Amino acid sequence: MPTEPTEHGIAMAQYKSEFMQILAARGFIQDVTEPDELDKLLSTETVTGYIGFDATATSLHAGSLIPIMLLYWLQQTGHRPIVLLGGATSKVGDPSFKEEMRQLLDDESIANNIRGIGDTFARVLRVGEGATDVVIVNNEDWLGNVKYLDFLRDYGRHFTMSRMLSMESVKQRLDREQSLTFLEFNYMILQAYDFVELNRKFGCQLQMGGSDQWGNIVNGVDLGRRVDGAQLYGLTTPLLTTSSGKKMGKTEDGAVWLNADRLSPYDYWQYWRNSEDGDVARFLKLYTTMPLDEIARLEALDGSEINEAKKILATEATAIIHGREAADKACATAEETFAGGGHSLDLLTVEIPSGEIKSGLGLLSANVAVGFASSNSDARRLIKGGGMRVNDKQVTDERTVLTNADINTDGVIKLSAGKKRHALIKPV
């Protein structure tokens with residue numbers, strides 16, 4: 001059930017609808033078109049709202065969690081969410097605040113990516129035939145059959161070059177070495193048309209997204225008014241960075257994927273467990289459904305106690321995407337690995353032929369095998385830097401060879417890179 005934001009939110013008196021109150025209390029709101037009218041609509045009617053997700057990879061990443069949580073709260077407060085999969089717009093690529101043009105994807109790659117990300121939404125949103133159950137659609141259904149000249153005549157005429165060039169996302173790209181292509185320039189028209197189509201098909205009146213989408217959203221609101229006389233609304237969230245300025249959903253090892261086949265629930269849990277102290281309360285509000293009074297209690301913790309709040313954040317954020325059982329299992333694995341000074345068989349396990357270990361497996365090769373290093377030279381730097389441990393004992397000699405003598409009582413060899421990455425080598 002939705003958390004009632006009574007005393008911890010900002011500007012609570014500004015909104016009367018439960019949805020907007022929750023967003024304000026939890027820090028989701030950046031900009032809103034006609035906020036008073038939207039708030040009134042949300043207070044009196046069941047509103048349909050959507051967010052678009054282009055299929056640029058086989059998994060969404062942690063940066064996609066904010067829009068997913070927006071749809072979650074929309075549904076929990078009695079409204080209908082729409083997930084729009086960009087089967088068509090993924091062929092163009094959203095240029096908003098991108099330094100260069102996205103890699104162009106073919107139809108097969110996009111279809112494969114859509115299959116990969118499709119299940120994510122069912123983990124968070126209620127699926128069914130009810131009035132407020134999530135609707136999942138693909139804009140290929142209408143954009144795939146558009147006739148170019150007809151489309152330009154009917155919709156392109158509503159977009160002036162001066163307005164399009166005034167968009168901050170466009171101006172930034174025009175100032176860079178790799179300028180904006182005509183293909184990408186069309187993206188904002190396609191996204192605006194998506195809003196019009198969703199309004200026609202489903203009565204959708206609200207589009208949401210990150211603040212980098214503000215220009216695209218406003219274009220959709222304006223296009224709906226011009227071509228259909230529709231009253232549409234837009235809402236954006238702040239683009240988040242960590243307290244140290246790092247981009248959310250990124251680590252030194254790459255994206256923090258939401259699919260378990262791209263990133264294990266344990267590693268996902270570890271990402272949130274390693275949050276900076278100053279981010280814990282903010283992340284609890286945004287990435288979990290915990291009551292705000294409990295978050296306020298955790299926010300008051302300091303010193304070593306903040307680590308307990310980080311564990312709660314990690315477990316709750318993991319439960320939303322991977323389920324409660326996987327989240328509790330990841331927490332227990334971490335407790336056993338770190339607090340107990342041991343290891344858990346739930347860690348990443350790589351099987352190596354027993355013959356290779358019997359004859360001697362070089363530590364450099366072992367690091368590459370478990371993914372700690374991309375090459376022997378990369379592994380060599382890790383070992384020389386003092387960040388390598390075998391069965392919890394530091395190893396600094398790059399010529400070290402793992403043999404049967406290193407297999408512990410559980411029948412595995414534990415490798416650790418720094419304090420956060422652990423893996424097991426299992427002879428088979």
Side-chain angles (χ1 to χ4, degrees), residues 1-51 64-84 121-136 195 198-199 202-211 213-214 217 221 230-238 240 281-299 313 316-317 319-321:
M1 293 297 294
T3 302
E4 184 69 26
T6 54
E7 57 183 288
H8 305 294
I10 56 173
M12 293 303 296
Q14 180 180 352
Y15 300 112
K16 293 182 171 54
S17 66
E18 185 181 16
F19 177 63
M20 295 296 285
Q21 285 185 353
I22 287 175
L23 295 198
R26 289 182 172 264
F28 280 99
I29 299 177
Q30 174 78 17
D31 292 300
V32 187
T33 64
E34 302 182 81
D36 292 339
E37 290 187 21
L38 175 60
D39 185 42
K40 181 178 180 180
L41 184 69
L42 288 159
S43 300
T44 57
E45 299 181 21
T46 298
V47 174
T48 298
Y50 94 94
I51 298 177
S64 306
L65 271 180
I66 290 290
I68 292 174
M69 292 306 295
L70 278 176
L71 294 175
Y72 170 84
W73 288 117
L74 185 71
Q75 186 176 60
Q76 290 298 309
T77 53
H79 304 286
R80 180 171 64 162
I82 292 179
V83 169
L84 176 63
F121 306 103
R123 300 179 220 160
V124 182
L125 304 170
R126 188 176 61 254
V127 177
E129 301 296 328
T132 60
D133 289 337
V134 64
V135 177
I136 300 179
F195 202 175
L198 290 173
N199 177 253
F202 301 100
C204 181
Q205 294 176 274
L206 173 63
Q207 182 183 175
M208 300 179 288
S211 61
Q213 294 299 308
W214 179 248
I217 291 174
V221 170
Q231 178 61 65
L232 306 180
Y233 303 91
L235 183 152
T236 63
T237 61
L240 291 185
R282 182 170 56 133
F283 290 173
L284 282 167
K285 292 176 183 178
L286 294 170
Y287 297 109
T288 81
T289 61
M290 290 181 63
L292 292 174
D293 54 357
E294 177 62 13
I295 294 174
R297 183 189 69 81
L298 294 173
E299 188 175 12
L313 165 64
E316 295 302 314
I320 287 175
I321 294 299

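As the structure is a prediction and not an experimental result, all values here were calculated from the model. FYI, side chains are in, hydrogens and waters are out, and symmetry mates aren't considered; it's all heavy atoms of this structure.
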Derivation of the side chain to side chain donor-acceptor pair (under 3.5 Å) call for Glu34 and Gln231: CA-CA 10 Å; Glu34 302 182 81; Gln231 178 61 65; 3.1 Å; yes
Can you tell me how far the [atom1] atom of [X] sits from the [atom2] atom of [Y], to the nearest 0.5 Å?
X      : Y      : atom1 : atom2 : value
Leu71  : Leu125 : CG    : CG    : 5.5 Å
Asp36  : Gln14  : CG    : CD    : 7.0 Å
Phe121 : Ile82  : CZ    : CD1   : 13.0 Å
Cys204 : Tyr233 : SG    : OH    : 12.5 Å

Does Lys40 come within less than 4.0 Å of Glu37, counting only side-chain N to carboxylate O? no
Without swapping roles, check the side chain of [X] against the backbone of [Y] for a donor-acceptor pair under 3.5 Å.
X      : Y      : result
Asn199 : Gln205 : no
Arg26  : Leu286 : no
Thr132 : Gly78  : no
Asp133 : Gly130 : yes
Gln21  : Tyr15  : yes
Thr236 : Ser211 : no

Counting C-beta onward and ignoring hydrogens, is there a side-chain heavy-atom pair between [X] and [Y] closer than 4.5 Å?
X      : Y      : result
Leu23  : Leu70  : yes
Val32  : Leu38  : yes
Leu206 : His79  : no
Thr237 : Ile29  : no
Thr289 : Trp73  : yes
Arg282 : Leu240 : yes
Ile66  : Phe28  : yes
Phe19  : Asp39  : no

Evaluate the side-chain contact (heavy atoms from CB on, under 4.5 Å) criterion for residues Phe283 and Thr288: first the C-alpha distance (whole Å), next the side-chain angles of each, then the deciding distance (0.1 Å), finally the verdict. CA-CA 8 Å; Phe283 290 173; Thr288 81; over 6 Å; no
Residues in salt bridge (Lys or Arg N to Asp or Glu O under 4.0 Å) with [X], at least two apart?
X      : value
Arg80  : none
Glu299 : none
Asp31  : none

For Met290 and Lys285: C-alpha separation, side-chain torsions, deciding distance, then whether side-chain contact (heavy atoms from CB on, under 4.5 Å) applies. CA-CA 7 Å; Met290 290 181 63; Lys285 292 176 183 178; over 6 Å; no
Verdict with supporting geometry, Leu198 and Leu84, side-chain contact (heavy atoms from CB on, under 4.5 Å): CA-CA 9 Å; Leu198 290 173; Leu84 176 63; 4.1 Å; yes
Are Gln207 and Tyr50 linked by a side-chain donor-acceptor pair shorter than 3.5 Å? yes
For the student: nearest non-hydrogen atoms of Ala25 and Leu292, plus distance: CB-CD1, 3.6 Å
Worked verdict on Leu74 versus Met208 for side-chain contact (heavy atoms from CB on, under 4.5 Å): CA-CA 11 Å; Leu74 185 71; Met208 300 179 288; 4.1 Å; yes
